[in-house]
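Taking it in order: structure first as structure tokens, then the write-up.
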Amino acid sequence: MLGRFVNASFCLVLCVAILAVPQPVAAHPHVWVDYYVDAVGSKDGITKLKFRWHFDDMFTSMVKEDFHVQNLGAKDVETLRKGAFSNLKNYHYYINVKIDGEDFKPEEVADFNAAFKGLNLEYNFTIDLPKPAKKLELSLYDPEFYVDIGPPIQPMSPDKPGIMAQTTMKPKNFISTSAEAGAKAPTCSWTQGQPRVSASWGKFALFVVNCEAQQ
């Protein structure tokens, strides 16, 4: 799992409470999350966003230790949801959406589940949009820089050879689309937005997903 720092140093300090308590303003990343999203179309437009969050090794280890689990049953998933997910409602789950140009800040999720995929913890959940979208813009980030969340990143290489070469961050495949019965799947693509800047920790890459419904 590669971080999305543009020019910042890593800090490998971690605690489950990060996802359960308010976060200080001058924060730096303690948790790294790769996200994947599936945009779901209907006959009226895009109606749902299905997310998969893939957590870093250290956060996964802390969850296993603090919750005393190696496998997650239904009761464990509910305990984890209450203890290390539900508070993210206060941050709109780090999800920023524009529906046909109008801002939407999600406050509820559906179908939450947690599981270990290989060695890493994953969350799965769905955001139901308040109305079908013809066009949709999506970005994920923590405004307080405690969680570095973004698409999985390909190993970086210089655009041009040389000591002063600039590197370009390119996400791996993280967008998929699907459709309800009788409908067409939307089309989606990504662009790299302006980096977010932390006064203490430098620049963080921002990726924007744009989707359009197909009639």
Side-chain angles (χ1 to χ4, degrees), residues 1 3-5 8 10-38 48-99 103-117 119-130 137-152 174 196 198-201 204-207 209:
M1 178 178 293
R4 284 154 286 272
F5 286 102
F10 284 88
C11 178
L12 298 179
V13 179
L14 185 64
C15 134
V16 171
I18 291 165
L19 297 184
V21 299
Q23 303 165 5
V25 174
H28 52 274
H30 289 61
V31 178
W32 287 265
V33 185
D34 288 342
Y35 83 83
Y36 302 80
V37 61
D38 180 68
K48 299 179 180 181
L49 296 172
K50 296 183 176 181
F51 288 94
R52 175 164 63 94
W53 288 8
H54 184 88
F55 287 89
D56 65 272
D57 296 350
M58 292 183 68
F59 183 77
T60 299
S61 297
M62 290 295 293
V63 166
K64 289 180 178 179
E65 180 177 343
D66 286 10
F67 289 87
H68 307 291
V69 293
Q70 295 298 319
N71 296 290
L72 293 172
K75 291 183 178 179
D76 301 311
V77 170
E78 179 60 14
T79 299
L80 191 57
R81 184 189 69 80
K82 291 179 178 179
F85 181 73
S86 62
N87 183 70
L88 296 184
K89 177 179 180 178
N90 298 323
Y91 303 90
H92 306 289
Y93 308 97
Y94 307 135
I95 295 170
N96 304 274
V97 181
K98 285 185 181 292
I99 299 173
D103 289 333
F104 167 58
K105 301 288 189 180
E107 296 184 355
E108 302 292 340
V109 306
D111 306 323
F112 176 81
N113 192 32
F116 293 118
K117 184 175 181 180
L119 299 176
N120 296 87
L121 175 67
E122 290 194 342
Y123 287 170
N124 290 271
F125 59 92
T126 299
I127 298 291
D128 293 314
L129 302 182
E137 181 181 298
L138 167 72
S139 61
L140 273 72
Y141 59 87
D142 175 8
E144 298 181 357
F145 298 99
Y146 239 70
V147 176
D148 181 7
I149 184 168
F174 72 104
R196 297 180 302 113
S198 163
S200 300
W201 299 97
F204 292 72
L206 177 67
F207 296 91
V209 176

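We count residues from 1, following the sequence as given.
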Could you check whether [Y] and [X] have their ring centres less than 6.0 Å apart?
| X | Y | answer |
| --- | --- | --- |
| Phe204 | Phe145 | yes |
| Phe207 | Phe174 | no |
| Phe125 | Trp53 | yes |

At what distance, to the nearest 0.5 angstrom, does [atom1] of [X] lie from [atom2] of [Y]?
| X | Y | atom1 | atom2 | answer |
| --- | --- | --- | --- | --- |
| Leu80 | Phe67 | CG | CZ | 5.0 Å |
| Leu72 | Phe116 | CG | CZ | 4.0 Å |
| Asp111 | Asp128 | CG | CG | 7.5 Å |
| Asn124 | Tyr36 | CG | OH | 11.5 Å |
| Leu138 | Leu49 | CG | CG | 6.0 Å |
| Asp148 | Asp56 | CG | CG | 9.5 Å |

For residues [X] and [Y], determine if any side-chain heavy atom of one lies less than 4.5 Å from a side-chain heavy atom of the other.
| X | Y | value |
| --- | --- | --- |
| Val147 | Val33 | yes |
| Phe104 | Ile127 | yes |
| Tyr93 | Tyr123 | no |

Has [X] got a side-chain atom pairing as donor or acceptor with [Y]'s backbone, closer than 3.5 angstrom?
| X | Y | answer |
| --- | --- | --- |
| Asp38 | Lys50 | no |
| Asn120 | Lys117 | no |
| His92 | Pro106 | yes |
| Arg196 | Asp142 | yes |

Looking only at non-hydrogen atoms, find the nearest pair between [X] and [Y] and report the distance.
| X | Y | answer |
| --- | --- | --- |
| Leu206 | Ser139 | CD1-CB, 4.1 Å |
| Ile149 | Tyr141 | CG2-CA, 3.7 Å |
| His54 | Glu122 | ND1-OE2, 2.7 Å |
| Asp34 | Pro151 | OD1-O, 4.0 Å |
| Ala114 | Val77 | O-CG2, 3.5 Å |
| Leu119 | Lys64 | O-NZ, 4.0 Å |

Does Glu78 come within less than 4.0 Å of Arg81, counting only side-chain N to carboxylate O?
yes

Within 6.0 Å of CG in Asn71, more than 12 heavy atoms from elsewhere
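No, not enclosed.
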
Within a radius of less than 6.0 Å around NZ of Lys105, do more than 12 heavy atoms belonging to other residues, nucleotides or ligands occur?
yes

side-chain contact (heavy atoms from CB on, under 4.5 Å) between Leu140 and Phe51, intermediate numbers included:
CA-CA 11 Å; Leu140 273 72; Phe51 288 94; 3.9 Å; yes

Intermediate values then yes/no, side-chain contact (heavy atoms from CB on, under 4.5 Å), Val209 and Tyr35:
CA-CA 12 Å; Val209 176; Tyr35 83 83; 3.8 Å; yes

